[in-house]
Every structure is written in C-alpha cells, then in structure tokens.
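This structure is a prediction, so every number in the text was calculated from the model and none was measured. Atom set for the values below is all heavy atoms of this structure, side chains included, hydrogens, waters and symmetry mates excluded.
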Amino acid sequence: MSTEPALKIAYSPCPNDTFVFDAWAHGRVPGAPALDVTFADIDITNGMAERGEFDVLKVSYAVLPWVLEEYALLPCGGALGRGCGPLVLTREAGDGGTSLLERSRELGGLTGKTVAVPSEKSTAYLLFRLWAADVVPGGVGEVVVMPFHEIMPAVRDGKVDAGLVIHEARFTYQNYGLHCLADMGQHWESTTGLPIPLGAIIAKRSLGEDTLRLLAESARTSVRLAWDDPEASRPYVLEHAQEMDPAVADRHIGLYVNEFTADLGEDGYAAVRGLLTRAAGGGGVLGRAPRRGGGEVKL
C-alpha cells in the first residue's frame with residue numbers, strides 16, 4: 001500500500017460494492033492508495049458528491065450532470081448490466097400478460113397513484129421517469145421518497161400503491177407477497193438495446209490525471225482479485241450485508257458485478273451517454289441538471 005494519506009471513499013454496504021472493494025480496502029492491491037472507507041446508501045453518497053465531500057464515491061449515474069465539473073467518471077468498479085434493472089412492485093398481480101404492450105395496459109392503473117422511490121436523484125428513479133413518460137397515461141400521482149429497505153413493507157401494508165425497488169429486492173419481493181408490475185431495465189433494454197447504467201465510481205479531478213489512472217487500475221485489480229478468489233471477500237461482504245441470506249448475497253454479486261465492472265467499454269459508455277442524453281431531452285426529467293455539448297452529457 002502507498003504511504004500517502006488515505007483517500008476518503010464512500011460506497012454502499014451492498015454485496016456488489018463490498019465484493020468489488022474488498023481487496024483494495026484491505027491492502028491486497030499492490031501499489032494502490034490506502035482507503036479511508038465510509039459506508040452509506042446511494043442516496044447519501046449522491047449528496048456527498050454534490051457537496052464535494054469525498055475523494056472517491058459510488059454514486060448513481062443519474063447524478064453525474066450535477067458533479068462532473070468536480071469529479072471524473074472512472075471506467076471501472078461501477079454497476080451496469082443486463083437483466084438487472086429496478087422493478088415496480090404492487091400488491092395486486094397483473095393479468096399475466098408478458099408483452100410490453102400488455103404490461104403497458106395494466107400500468108394505466110398507476111395513473112394518479114402514489115409510488116414510493118428510493119431517491120429522487122437515483123438512476124432507478126430516472127429510469128422510472130423515462131418509463132412512465134412512455135407507458136403511464138397522465139403520469140403517476142404522488143412520489144414518496146423513502147429508504148429502499150422500507151419500500152416493500154410500505155407496499156405490502158398499503159401505505160403506498162406501488163414501489164420502485166432496487167438491489168436484492170429483485171430476489172426477495174415475493175417473500176412480501178408482492179408482484180412485479182414492470183421491469184425498468186427491460187423497458188430500457190428493449191428501447192435502446194444498451195446495458196442498464198446503475199452505479200458509477202467517481203473521483204475528484206483535482207487528484208490529477210496520474211492518480212485518477214492509478215485509482216482506475218486499483219479498482220480493476222480489486223475486482224479481478226475478487227473474481228479469482230471469491231471466498232476471500234466473503235467475510236467482508238457478509239459483515240456488511242445487513243443480515244442478508246448468503247445465497248441472496250451471491251446472486252446479488254453475480255448480477256451486478258460483471259464485465260462492465262472491470263471496464264465500461266464502448267457499450268458501457270454508450271449506455272451512460274444514452275441515459276443522460278435521453279434524460280436531458282425528456283421534458284425536464286433531470287430538473288436543473290446542465291446540458292452539455294448540445295444536450296449530450298460529456299463524460
């Protein structure tokens with residue numbers, strides 16, 4: 001490990017993040033800067049990034065337009081993929097239709113309803129807004145922000161009409177007696193053909209190009225070490241997995257840690273640009289987010 005002061009980093013306690021950063025956080029990545037780790041959910045790290053509070057952060061891709069002047073996007077360590085998008089859950093099952101058109105007809109029932117979401121600046125909510133603009137006539141009603149672990153109980157108990165869920169909820173919502181009304185990722189993939197951009201690793205530009213390159217290589221090496229020896233990361237993953245079933249943690253890692261975690265690549269960058277460009281041109285979906293380069297956010 002480097003003898004330089006530790007870099008302040010914040011990422012979530014979710015299994016994909018602890019799996020990715022285990023080797024680096026525990027000094028097993030040769031030449032990597034030391035890390036001073038803070039655990040925080042993504043809605044908290046998004047705010048940290050806007051305030052410029054940490055050197056390195058895991059954030060939602062949706063928050064990039066607010067932070068790219070101060071932070072650079074690293075080409076690895078984040079979460080993109082296919083078949084891993086947020087879900088809209090309800091207490092009532094649909095009519096069994098599986099096509100996008102059939103699902104869209106069911107979704108007319110969400111018009112004017114209350115929907116719980118994990119954060120107003122999460123990628124999940126951005127994907128939801130883009131989806132709702134396409135398939136919910138008249139739009140949903142009230143949007144209620146609550147911690148993601150409270151959303152499924154709120155839907156089950158009738159406190160809200162529907163909930164937008166992320167993370168391991170994809171594997172556990174049936175335990176709450178809930179039903180998947182729509183898959184935001186399926187909608188994104190069917191309309192763009194691109195992977196789903198969820199969480200990004202960003203670092204302060206003021207660290208300098210050399211350090212940014214070192215950070216990227218350190219993250220990439222940490223991911224590869226985790227793949228080479230998955231058992232080495234297991235204690236760190238389960239320690240912070242909030243009593244999650246180990247089998248669910250493994251499925252979580254298998255879904256969210258993939259080729260794009262090691263390197264965004266051409267498809268990954270195309271997905272990020274596509275998400276932010278569509279949002280910027282989507283009727284104010286991004287609110288006050290700046291437009292850059294004729295409406296396309298430059299990374």
| query | Honestly, is Arg278 close enough over Trp188, meaning NZ or CZ under 6.0 Å from the six-membered ring centre and within 45° of the axis? | reply | yes

| field | Residues that Ser60 engages under side chain to side chain donor-acceptor pair (under 3.5 Å), provided they are two or more places apart | value | Asn46

| Mind checking whether Phe128 and Val115 have side chains closer than 4.5 Å, heavy atoms only? | yes

| Going by heavy atoms in the side chains, are His179 and Leu89 under 4.5 Å from each other? | no

| said: Contact between Leu126 and Tyr61 at the side-chain level, heavy atoms closer than 4.5 Å - yes or no? | reply: no

| More than 12 non-hydrogen atoms from neighbouring residues, nucleotides or ligands closer than 6.0 Å to CD on Glu239, yes or no? | yes

| field | Residue pair Ile44 / Ser12, side-chain heavy-atom distance below 4.5 Å | value | no

| field | All pairs passing salt bridge (charged side-chain N to carboxylate O under 4.0 Å, His left out) where residues 155-184 contributes a residue, at least two apart | value | Arg170-Asp183

| query | Taking only residues two or more places apart in sequence or in another chain, which ones pass salt bridge (charged side-chain N to carboxylate O under 4.0 Å, His left out) with Glu209? | reply | none

| Residue pair Asp17, Lys58: steps toward the salt bridge (Lys or Arg N to Asp or Glu O under 4.0 Å) verdict | CA-CA 8 Å; Asp17 286 346; Lys58 169 75 173 292; 2.5 Å; yes

Pairs of donor and acceptor atoms involving the side chains of residues 218-229, under 3.5 Å and at least two apart or interchain, shall be tabulated with distances.
| unit_1 | atom_1 | unit_2 | atom_2 | d |
| --- | --- | --- | --- | --- |
| Ser218 | OG | Leu214 | O | 2.8 |
| Arg220 | NE | Ala262 | O | 2.8 |
| Arg220 | NH1 | Glu217 | OE1 | 3.2 |
| Thr221 | OG1 | Glu217 | O | 2.9 |
| Ser222 | OG | Val20 | O | 2.6 |
| Ser222 | OG | Trp24 | N | 3.1 |

| said: Just so I know, are the side chains of Pro118 and Tyr125 near enough to count as touching, which here means a heavy-atom distance under 4.5 Å? | reply: no

| query | Any side-chain heavy atom of Thr38 within less than 4.5 Å of one from Phe54? | reply | yes

| Should Arg205 and Glu70 be marked as a salt bridge (Lys or Arg N to Asp or Glu O under 4.0 Å) after you check the CA-CA gap, both sets of side-chain angles, and the distance that decides it? | CA-CA 6 Å; Arg205 296 183 186 275; Glu70 186 170 1; over 6 Å; no

| task | Sequence neighbours left out, what passes salt bridge (charged side-chain N to carboxylate O under 4.0 Å, His left out) with Asp43? Give chain and number order. | result | none

| request: Check the hydrophobic clustering (I, L, V, M, F, W, Y; side-chain heavy atoms under 4.5 Å; chains of links allowed) and say if Val143 and Met184 are grouped together. | output: yes

| field | Contacts of type salt bridge (charged side-chain N to carboxylate O under 4.0 Å, His left out), residue Glu150, not counting sequence neighbours | value | none

